Amino acid sequence: MVDKVKIYIPDDSSAISVGADDVAQRVAEMASAQNVAIDLIRTGSRGMFWLEPMIEVETGAGRVAYGPVTISDVDRLFKADFTSGGDHSLALGLVADIPYLAKQDRVTFARCGIAAPLDLAAYKATDGFKGFEAALKRPQADVVADILASGLRGRGGAGFPAGIKWQTVMQAEAKHKYICCNADEGDSGTFADRMLMEGDPFQLLEGMMIAGYAVGAEVGYIYIRSEYPAAIDKIKGAVEVLQDAGLLGSNILGTDFSFNIKIRRGAGAYICGEETSMLDSLEGKRGMVRSKPPIPALSGLFGMPTLVNNVLTLAAVPSIMADGPEAYYAFGQGRARGTQPFQLAGNIKHGGLVELAYGVTLRELIEGYGGDTKSGRPVRAIQLGGPLGAYVSASALDTPMDYEALGEIGAMLGHGGIVVFDDSVDMAQQAAFAMEFCAVESCGKCTPCRIGSVRGRETIEKIIAGECPSDNMALLTDLCDIMEAGSLCAMGGLTPMPVKSAITHFAEDFTRSDRGQEFDK
Amino acid sequence: MLNIYTMRRGIKLMSDGEKALMDLCTSHGNNAANLLEILHDVQHENGFVAPDDIHIIADALNLSAAEVQGVISFYPDFKTTPPAKHTIKICRAEACQAQGSRGLEKNLSTALGVKMGEATADNHVAIEAVYCLGNCALGPAVMLDGKPQGRATVDGLLAQVRKG
Ligand SMILES: Cc1cc2nc3c(=O)[nH]c(=O)nc-3n(C[C@H](O)[C@H](O)[C@H](O)COP(=O)(O)O)c2cc1C
Ligand code: SF4
Ligand code: FES
């Protein structure tokens, strides 16, 4: 009997959003009609979204790819004998040779797109649980020391050194401690947490288990936004697989360590990504931001010491434990060590996930990887780090992507989202939107944020309408200062960042008289 | 299980729906920390959280009805009226704006004759605002009845909701 041909099609929700399920179904139907024995495996995405749905076929030479495939292409692919790697206009050659992928430093996303996400044997065969097993053999303090030595910083936005937070929770004395994984990923232009949870969920769970062991927690929560139903299902499935395998539960691998993971769904509120708001939400309450101190590391969920880390922070941990902190520290530069999964989004030809060592320039990302705008018009503005991040102009393209270099140009990396706009963008309208977003998503606890955002939007609209522009501009600047200084959290505190950066770099848009229908297209 | 609610109303008066809801709360340990999960489950089952449900949940979790109401009103996901047959959630965030979502929103709303956040008079289609669906490289992104769609078009969406 001939071996079955292995065919891989993503079940990542971005791929599904452009037809991957239909394509998979058609491939299965055609294979059975043509008596081609196939093994159809649904995987995560490789993160080259403009090529989705992308099909990969295992051949003697390696995996070859075809994409973007529509249902109507499937018949022609079979005619071209694609199950043996036959040539076709959609053929992309060996996956491993596609430059977009080949040039990346895939550490956290090394496995994403390769095997079925819930295939535990495949996970273990690619060093899965090697980091966890290594950690269990060592004292807790050594594990924390390795995280410190790796230089890992929080990937959720603030870039706080992970090791210091772990140490604080480890040293806290309490009856219970918790791990909370922040999977609220609300920033526009970001999807790395989602891709990872859908494509390699075990790696995140392994990271949480190592964290649980290191700080002395027995329960971990994952707070996943409800906008990510597929990620919720995948993580639920992965937790069950690990429970059945005895990797979650009591006395894991015959040790004293017991750990379990619970999944909690968000409910559409952006502010619940802020860690203390998330904790209130996890306690079943309205997601109101708490004042600090006390910091969550000392008094967090249910008043107990709580380690809050982003999905990508925790997912980086297994490889640090498996390969040693030096290997991770070797990536990057200055105080930005390791790799960052950058996310190219917006008006860009080759949007997707690009994991690289810190220090790559914005130009390399947008021009080299992204292939410039999808519309073919010039790049005019780039928003970095989500809705609270700065807009920069094309003159910032040579900035290296690390925390400090971006800080110098008044921008921030945030969760690694890069949103590209072409020259049809109206930056005054973008500034108004930043205020509007804050008004919609504010938790309402403090006045500068709750009311300032509404007034801010009105004021920008007046400027757009040409109503006393210089007076209103002075008012707006003053309002931004008050929001920055008087807000409890970064929601109100950073909303002025996109607004002020738009004014600084694109002043002409606030005085335009030719404002037309262009942006309504 | 007896609690204040069943004692007040008398067990005989309990409908199947009330019993099911109390069982649901029990399965969540009648723990107030699980309120969001309970509300999600109720909504998954019935499409919305009915005013009567609020009292049952409040009693089961030992909360005031105002506290439950406060949680429902904080989170955009929770609805207290029956949903439309089809709901199109349209991403309004920046990466989708850069890919033409403002136009999509405007034209879809004109074609359906509804404003953002509203449903058609026959409650057949509703459009809702969301801020990022994590599909920012394939915008404009929408979610139609819980299913993600990338590179959405007005014609494509209308064809799907008009099918039935
Ligand atoms: C308004 C607001 C929204 C946030 N949203 C998220 C989020 O969606 N995901 C996340 O990991 N962190 C988010 N953060 C940052 C968290 O407060 C917190 O710093 C982070 O989860 C800590 O994990 P890390 O150190 O691993 O980054 C947000 C912060 C603010 C102020
Ligand atoms: S700044 Fe805004 S979101 Fe943050 S606590 Fe104050 S009102 Fe809430
Ligand atoms: S900004 Fe629309 S899906 Fe992310």
Side-chain angles (χ1 to χ4, degrees), chain A residues 13-14 16-18 49-50 52 185-191 193-195 225-231 264-270 272 281-288 302 343-348 351-353 374 383 386-387 417 419-422 425 430 433 437 440-441 443 519-521, chain B residues 28 31-41 43-44 61 63 67-79 89 91-107 128-139 141-144 146-152:
Chain A
S13 48
S14 261
I16 289 175
S17 84
V18 286
F49 288 119
W50 77 100
E52 296 288 5
E185 195 167 63
D187 286 2
S188 164
T190 68
F191 43 78
D193 295 354
R194 182 188 61 68
M195 256 185 79
R225 68 200 301 249
S226 62
E227 290 85 344
Y228 286 180
R264 291 290 178 265
R265 289 168 278 182
Y270 174 78
C272 289
S281 190
L282 279 168
E283 293 179 5
K285 302 176 193 154
R286 292 162 69 89
M288 299 296 281
F302 306 116
Q343 297 132 81
L344 303 182
N347 189 339
I348 191 149
L353 183 118
K374 184 157 186 280
Q383 189 175 29
V419 177
V420 178
F421 295 80
D422 72 12
V425 70
Q430 294 309 119
F433 175 78
F437 182 72
V440 172
E441 301 292 351
C443 86
F519 52 80
D520 284 335
K521 70 172 178 295
Chain B
H28 284 282
N31 182 347
N34 295 331
L35 178 55
L36 270 74
E37 289 294 308
I38 293 170
L39 294 171
H40 273 306
D41 287 352
Q43 199 153 290
H44 182 74
L61 305 186
L63 294 169
E67 280 169 309
V68 177
Q69 182 63 54
V71 167
I72 291 173
S73 68
F74 185 86
Y75 296 98
D77 277 4
F78 301 130
K79 310 269 177 284
K89 295 189 176 184
C91 175
R92 268 194 165 171
E94 290 89 340
C96 284
Q97 291 165 1
Q99 299 172 82
S101 64
R102 283 191 180 100
L104 178 82
E105 178 183 327
K106 198 172 135 199
N107 295 334
E128 277 180 23
V130 283
Y131 296 89
C132 194
L133 292 163
N135 196 10
C136 330
L138 294 176
V142 305
M143 224 174 200
L144 172 59
K147 301 226 160 42
Q149 301 200 5
R151 295 188 184 126

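None of the values given here were measured: they were computed from a predicted structure. The basis for the numbers below is simple: all heavy atoms, side chains too, and nothing from hydrogens, waters or symmetry mates. Chain letters run A, B, ... following the sequence lines, proteins first and then strands; every chain starts at 1.
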So what's closer than 4.5 Å to chain B heavy atoms on [X]: side chain, backbone, both or neither?
{"X": "A/S14", "result": "both"}
{"X": "A/L282", "result": "backbone"}
{"X": "A/Y228", "result": "side chain"}
{"X": "A/E283", "result": "backbone"}
{"X": "A/L344", "result": "backbone"}
{"X": "A/D193", "result": "neither"}
{"X": "A/R265", "result": "both"}
{"X": "A/Q343", "result": "neither"}
{"X": "A/V440", "result": "side chain"}

Please rank [options] by heavy-atom pairs under 4.5 Å with chain A and give me the top one.
{"options": "B/R92, B/K147, B/E105", "answer": "B/R92"}
{"options": "B/C132, B/S73, B/A152, B/A141", "answer": "B/C132"}
{"options": "B/G139, B/G134, B/A32", "answer": "B/G134"}
{"options": "B/N31, B/N34, B/V68", "answer": "B/N34"}

B/C91 side chain near B/V142 side chain, heavy-atom distance below 4.5 Å: no
Sub-4.5 Å side-chain heavy-atom contact between A/P229 and B/M143: yes
Within 6.0 angstrom of A/K374 NZ, more than 12 heavy atoms from elsewhere: no
Residues in ring-ring contact (aromatic ring centres under 6.0 Å, His included) contact with B/F74, at least two apart in sequence or another chain: none
Point-to-point distance, once rounded to the nearest 0.5 Å, from CG of B/L36 to CZ of A/R264: 9.5 Å
Spacing of SG belonging to B/C136 relative to CD belonging to B/Q97, to within rounding of 0.5 Å: 11.5 Å
Residue pair A/C443 / A/M288: nearest heavy atoms and the distance that separates them: O-SD, 3.3 Å
For the candidates [options], which exhibits the highest count of non-hydrogen atom pairs separated by less than 4.5 Å from chain B?
{"options": "A/A345, A/G287, A/G352", "value": "A/G287"}
{"options": "A/S281, A/A231, A/G417, A/G386", "value": "A/S281"}
{"options": "A/N347, A/V420, A/D187", "value": "A/N347"}
{"options": "A/G346, A/A267, A/G351, A/G284", "value": "A/A267"}

Select one option (side chain, backbone, both, neither) describing which atoms of [X] are under 4.5 Å from chain A's heavy atoms.
{"X": "B/Q99", "answer": "side chain"}
{"X": "B/F78", "answer": "side chain"}
{"X": "B/L133", "answer": "both"}

NZ/NE/NH1/NH2 to OD/OE distance under 4.0 Å, A/E185 and A/R194: no
Verify, without hydrogens or angle tests, whether [X] (side chain) and [Y] (backbone) share a donor-acceptor contact under 3.5 angstrom.
{"X": "A/S17", "Y": "B/P148", "value": "no"}
{"X": "A/Q383", "Y": "A/Q430", "value": "no"}
{"X": "B/H28", "Y": "B/A33", "value": "no"}

Ring centres under 6.0 angstrom apart (A/Y270, B/Y131): no
